[in-house]
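This report refers to the structure that appears directly beneath it.
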Amino acid sequence: MNVKQIVRGYIFQVIGKFWYKPVAFVSDNRREVNAKLSSHALRSWFGDDLEVVYLVPESLALKVNSSDVESLIKDESRLKREFRSRIRELVSEPVAEENIIVIPSIGEYAERGYRIFFDNSVENSFAYLSMELARLTDDGENFEEPVVIYADVTTGHNIYTNTLVEALRTLIASRKLRWIAQGKLIPSKGEPIKAHLVSIPPITEDTARCKIDIQEYDVKAFFDFPVKNDFNLGQLIKSPPQGYDKRQFLERLARMYSRELKEISELLREARIAFNAIAYNTPLAFLNREIIRIHELNPRDAINHVWKIMAGMREMRVIKRDGDALSVAYPKINGRLIVNLLLAFNMLWSLQKLRIDLERVMEWGSWANLRSIERFFSEVYRKVGRELNGRFLRREVEDIETKAFEKLKNNEQKLLKEIFEVRGSADLPRNFFAHSGFLKDYTLALRRDGEIYLKYKSEYLKTIRRWLERPER
């Protein structure tokens with residue numbers, strides 16, 4: 001992917017202090033650039049359209065004003081403004097507020113006699129940063145555009161650069177899942193994300209020149225539904241901040257975010273049913289809007305709901321002062337679940353797009369063309385790595401087509417069990433999944449102008465939907 005061809009590009013840099021000495025940055029046949037931060041050298045080399053995003057641990061509030069650190073920590077908007085002001089002085093250029101991300105800190109810090117302890121976890125910081133990066137790079141105008149990322153993983157405290165790497169992994173995987181059913185490629189635009197890790201050696205007082213190492217970075221994304229169980233608030237919270245009873249804490253969150261929690265649960269349920277229709281090889285079900293109800297869902301709203309809940313929990317930190325010591329206790333959240341929600345919502349978007357594209361070419365009224373089903377879904381299965389589904393589907397299509405042409409007259413329709421002259425199935429769910437969803441008891445076939453079309457009898461749609469919601473039962 002060429003940087004000049006994309007709409008957005010970002011350079012992520014963790015800030016560990018508000019003073020860096022200028023050095024001459026070099027890298028593999030590129031011109032020398034004098035700068036205080038590697039991100040500015042990268043921008044000079046790869047294009048001014050790349051946005052530099054500064055990731056600032058909240059512990060740096062001590063560097064801003066140690067005597068007023070409590071009010072700074074309590075007011076994140078003010079803290080971000082202070083950080084923006086300090087970075088603007090550091091880099092001697094304008095800095096947009098949205099290009100400052102405050103990372104929840106971990107551990108104990110001291111400055112001029114003041115101490116602050118963050119009772120937090122790496123998992124919390126990872127989850128918050130993953131959501132921040134997703135929201136930053138997924139604005140409305142660029143949701144379907146490719147993106148390029150450079151991440152400096154050597155500036156700042158190791159715990160935050162490691163968190164950045166993990167958050168970048170999530171960003172790469174979510175971008176790929178957004179196009180998983182399209183072969184992880186944006187039509188006519190190529191890969192949805194191109195990422196690089198940037199590293200530099202330690203810069204000392206004697207350092208005059210510094211070589212930047214740039215390596216491509218990638219992670220795999222698989223067609224597997226990220227959220228394994230039903231979503232509930234209790235899974236999201238590992239423990240409340242010190243001083244809270246967990247049950248009361250959960251009840252408070254449930255009251256505050258009842259609508260958001262309900263919509264997240266509903267969206268996950270519908271996304272899982274749609275995923276199962278592909279994974280378990282039931283293409284006719286995937287095409288039915290009464291079975292697969294994803295057409296009006298908004299994955300981006302769901303992502304915003306998760307962020308709103310996380311932001312609310314962050315506001316519920318317990319901040320206590322004891323003389324010159326301050327403690328900040330965070331609720332401990334299930335960071336892996338947060339990330340899996342983000343991945344699931346991106347996968348849903350891909351399935352929605354697939355559904356729209358297939359409907360344009362496959363449906364005739366409420367009927368689906370049998371050969372079109374085989375042709376298009378075999379290609380889908382190839383793209384998502386489920387080629388075996390395509391082999392089983394082809395076998396079922398050939399059997400149905402042979403019998404339907406033999407038994408049906410033009411414009412005649414019958415149940416498949418009448419065409420195959422078989423009795424009703426003894427185990428309906430098993431046979432539904434065993435025959436690519438073409439259950440002979442429920443599926444009608446129509447012969448029309450040399451083509452075979454299929455649809456389910458309407459009275460069985462709720463039953464099929466229930467099977468897809470819980471195929472393991």
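A salt bridge does not link Arg112 with Asp324: none of the charged nitrogens is closer than 4.0 Å to a carboxylate oxygen. Taking 4.0 Å as the cut-off between side-chain N and carboxylate O, Arg247 and Glu251 count as a salt-bridged pair. Between Glu290 and Lys462 there is no salt bridge, since none of the side-chain N atoms of the basic residue sits less than 4.0 Å from a carboxylate O of the acidic one. For Lys211 and Asp28, the salt-bridge test passes: some basic side-chain N is under 4.0 Å from an acidic carboxylate O. A salt bridge links Glu145 with Lys189: the closest approach of a Lys/Arg side-chain nitrogen to an acidic carboxylate oxygen falls below 4.0 angstrom. Note on Glu111 versus Lys63: salt bridge recorded, some NZ/NE/NH1/NH2 to OD/OE distance being below 4.0 Å. No salt bridge links Glu98 with Arg84; every basic N to acidic carboxylate O contact stays at or beyond 4.0 Å. Using a cutoff of 4.0 Å between basic side-chain nitrogens and carboxylate oxygens, Glu379 and Arg382 are scored as salt-bridged.
Relative orientation of the Phe249 and Tyr244 rings is perpendicular, given thresholds of 30° and 60° on the angle between their planes. Using the six-membered ring where Trp is involved, Phe18 and Phe83 have ring planes that are tilted, between 30° and 60° apart.
Scanning all heavy atoms of the two residues, the minimum distance from Phe25 to Trp45 falls at O-CZ2, 3.6 Å. Nearest approach of Val219 to Lys176, heavy atoms of both residues: O-NZ, 2.7 Å. Here the closest heavy-atom approach between residue Arg178 and residue Asp138 is recorded as NH2-OD2, 2.6 Å. Of all the heavy atoms in Leu250 and Leu233, the pair that sits closest is O-CD2, 3.4 Å. Between Tyr381 and Pro283, the shortest heavy-atom contact is OH-CD, 3.8 Å. Shortest non-hydrogen contact noted between Leu354 and Ala181 is CD2-CB, 3.9 Å.
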Check step by step if salt bridge (Lys or Arg N to Asp or Glu O under 4.0 Å) holds for Glu51 and Arg8. CA-CA 8 Å; Glu51 294 186 35; Arg8 281 287 176 94; 3.5 Å; yes
Intermediate values then yes/no, salt bridge (Lys or Arg N to Asp or Glu O under 4.0 Å), Lys80 and Glu76: CA-CA 6 Å; Lys80 182 178 282 193; Glu76 186 177 334; 5.1 Å; no
Determine, stepwise, if the pair Glu58 / Ser105 fulfils side chain to side chain donor-acceptor pair (under 3.5 Å). CA-CA 6 Å; Glu58 61 184 334; Ser105 284; 4.7 Å; no
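Ring to ring, Phe275 and Phe223 are close: their centroids are under 6.0 angstrom apart. Annotation: Phe118 is not in aromatic contact with Tyr330 [ring centroid separation under 6.0 Å not met]. Aromatic ring centres of His196 and Tyr150: separated by under 6.0 Å.
Shown are Asn281, Ile278, Thr282; of these, the side chain to side chain contact (heavy atoms under 4.5 Å, CB included) with Asn389 is made only by Asn281. Screening Arg317, Lys320, Arg321 for a salt bridge (charged side-chain N to carboxylate O under 4.0 Å, His left out) involving Glu70 leaves a single residue, Arg321. Each of Tyr280, Phe432, Phe433 was checked for a ring-ring contact (aromatic ring centres under 6.0 Å, His included) with Trp467, and the lone residue meeting it is Phe432.
When the shell of 6.0 Å around CG of Asp322 is examined, it contains 12 or fewer heavy atoms from other residues, nucleotides or ligands. In the displayed structure, Arg465 atom CZ is contacted under 6.0 Å by more than 12 heavy atoms of other residues, nucleotides or ligands.
With Tyr128 as the aromatic partner, Arg314 meets the cation-pi criteria of under 6.0 angstrom to the ring centre and within 45 degrees of the ring axis.
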